[in-house]
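Some notes on the structure that comes next.
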Amino acid sequence: RSLIRFSIPQSVTCIKKDTFSQCSSLKSVSIPSSVTSIGGTAFHLCLSLKTLSIPSSVTLIEEYAFSNCSSLESISIQPSITSIKKCTFIGCSSLKSISIPSSVISIGFGAFLRCKSLANISIPPSVTFIGESAFEDCQSLNSISLPKKLDPRALGLTSRVKVTNI
């Protein structure tokens, strides 16, 4: 798969499961505002993808959508998203930052598992559920801001991570 850049046509409303899976040379994708959902493993193993902007029209990102995108450094999640599903960003080892909007109410099991470059994260007070191992093996994680109602013990955090209750 030698696809490097791709602009999704305005007529597309859904990026289906496995659409770009294993496009290891893919560096950039332009997602139009017509897209409302991103299917499971849609960008799985897109090893060259560094950044991605998800339009506010997207209301659903399925499980494993960006799994093992090892070059992905940043991604913007829009306020239209209410849930970060199971293993959405698992193995995104270059992911340095992610902004979680206050619209998010749940973060699934292993959502950020093995995001080895993620240094700091702030969980908004709107989040009422975080799945087990959501931040396990995030080796660079120094601090996490967490709503008081959530117990950090299930998140897979190491003892060196500073937890601040908000």
Side-chain angles (χ1 to χ4, degrees), residues 1-104 106-124 127 130-131 133-144 155-156:
R1 302 225 193 182
S2 59
L3 188 63
I4 295 173
R5 287 176 183 67
F6 191 79
S7 290
I8 297 171
Q10 189 68 34
S11 59
V12 173
T13 59
C14 173
I15 301 172
K16 296 194 181 219
K17 178 180 176 152
D18 296 328
T19 298
F20 296 100
S21 183
Q22 299 183 33
C23 288
S24 59
S25 300
L26 186 65
K27 291 184 178 184
S28 69
V29 177
S30 176
I31 302 174
S33 60
S34 58
V35 172
T36 59
S37 65
I38 298 174
T41 61
F43 293 92
H44 170 69
L45 282 171
C46 288
L47 304 177
S48 300
L49 192 62
K50 284 195 173 202
T51 63
L52 189 65
S53 183
I54 298 171
S56 60
S57 57
V58 174
T59 58
L60 177 65
I61 300 173
E62 293 288 351
E63 297 175 353
Y64 296 90
F66 300 97
S67 60
N68 297 301
C69 291
S70 57
S71 295
L72 188 64
E73 294 177 356
S74 68
I75 190 163
S76 62
I77 296 178
Q78 300 297 328
S80 53
I81 300 294
T82 59
S83 177
I84 298 173
K85 304 279 186 186
K86 172 183 172 183
C87 299
T88 300
F89 299 102
I90 187 172
C92 291
S93 55
S94 297
L95 188 64
K96 294 176 183 164
S97 67
I98 189 159
S99 177
I100 300 175
S102 60
S103 59
V104 172
S106 68
I107 298 173
F109 170 88
F112 298 96
L113 181 67
R114 293 193 310 270
C115 289
K116 298 180 186 296
S117 298
L118 192 60
N120 303 295
I121 193 156
S122 181
I123 309 296
V127 175
I130 299 180
S133 303
F135 297 96
E136 189 170 315
D137 201 18
C138 292
Q139 297 171 354
S140 298
L141 192 62
N142 295 316
S143 68
I144 186 168
L155 305 182

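One N or O on the side chain of Ser94 and one on the backbone of Ser70 form a donor-acceptor pair closer than 3.5 Å. Side-chain atoms of Ser71 come within 3.5 Å of backbone atoms of Leu47 as a donor-acceptor pair (strictly under, hydrogens ignored). In this structure, Ser103 contributes its side chain and Pro79 its backbone to a donor-acceptor pair below 3.5 Å. Glu62 places no side-chain N or O within 3.5 Å of a backbone atom of Lys85 that could act as its donor or acceptor partner.
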Requested in this report: Any chance you could lay out the side chain to side chain contact (heavy atoms under 4.5 Å, CB included) test for Ile8 and Phe20, step after step, and finish with the verdict?
Outcome: CA-CA 11 Å; Ile8 297 171; Phe20 296 100; 4.1 Å; yes
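The shortest distance between side-chain heavy atoms of Ile130 and Phe112 does not fall below 4.5 Å. Side-chain atoms of Thr19 and Phe6, non-hydrogen and from C-beta on, never get closer than 4.5 Å to each other. Between Phe43 and Val29, the closest side-chain pair of non-hydrogen atoms falls below 4.5 Å. Inter-residue side-chain proximity for Leu52 and Ile31 is flagged as met; some heavy-atom pair is nearer than 4.5 Å. Using a 4.5 Å cut-off on side-chain heavy atoms (C-beta onward), Phe66 and Leu95 make no contact.
Atom CD1 of Ile75 sits about 9.5 Å away from atom OG1 of Thr88, to the nearest 0.5 Å. Summarising the geometry, atom CG belonging to Leu72 is positioned 11.0 Å from atom NZ belonging to Lys96; distances are rounded to the nearest 0.5 Å. In this structure, OG on Ser24 lies 13.0 Å from CG on Asn68, to the nearest 0.5 angstrom. Atom OG of Ser76 and atom CD1 of Ile54 lie 6.5 Å apart (nearest 0.5 Å). Summarising the geometry, atom CG belonging to Leu118 is positioned 8.0 Å from atom OG belonging to Ser97; distances are rounded to the nearest 0.5 Å. To the nearest 0.5 Å, atoms CD1 (Ile98) and CZ (Phe89) are separated by 4.0 Å.
Under the rule for a salt bridge (charged side-chain N to carboxylate O under 4.0 Å, His left out), the partners of Lys116 that lie at least two apart in sequence or sit in another chain are Asp137. Partners of Lys86 according to the side-chain contact (heavy atoms from CB on, under 4.5 Å) rule, which considers only residues two or more places apart in sequence or in another chain, are Glu63, Tyr64, Phe109.
The two residues Ser117 and Ser93 come nearest to each other via the heavy atoms OG-O, 2.6 Å. What you find for Ile84 and Ala111 is that their closest heavy atoms are CG2-CB, 3.9 Å. Across all non-hydrogen atoms, the minimal contact from Ile121 to Ile100 is CD1-CD1, 3.8 Å. When all heavy atoms of Gly39 and Ala65 are compared, the pair lying nearest together is O-CB, 3.7 Å. When every heavy atom of Ile15 is checked against every heavy atom of Ala42, the shortest pair comes out as CG2-CB, 3.9 Å. Closest non-hydrogen pair, Cys46 versus Leu26, comes out as SG-CD2, 4.1 Å.
Side-chain atoms of Ser83 and Ser106 include a donor-acceptor pair closer than 3.5 Å.
Counting only residues at least two apart or in different chains, side-chain hydrogen bond (donor to acceptor under 3.5 Å, both in side chains) contacts with residues 32-59 comprise Asp18-Thr41, His44-Ser67.
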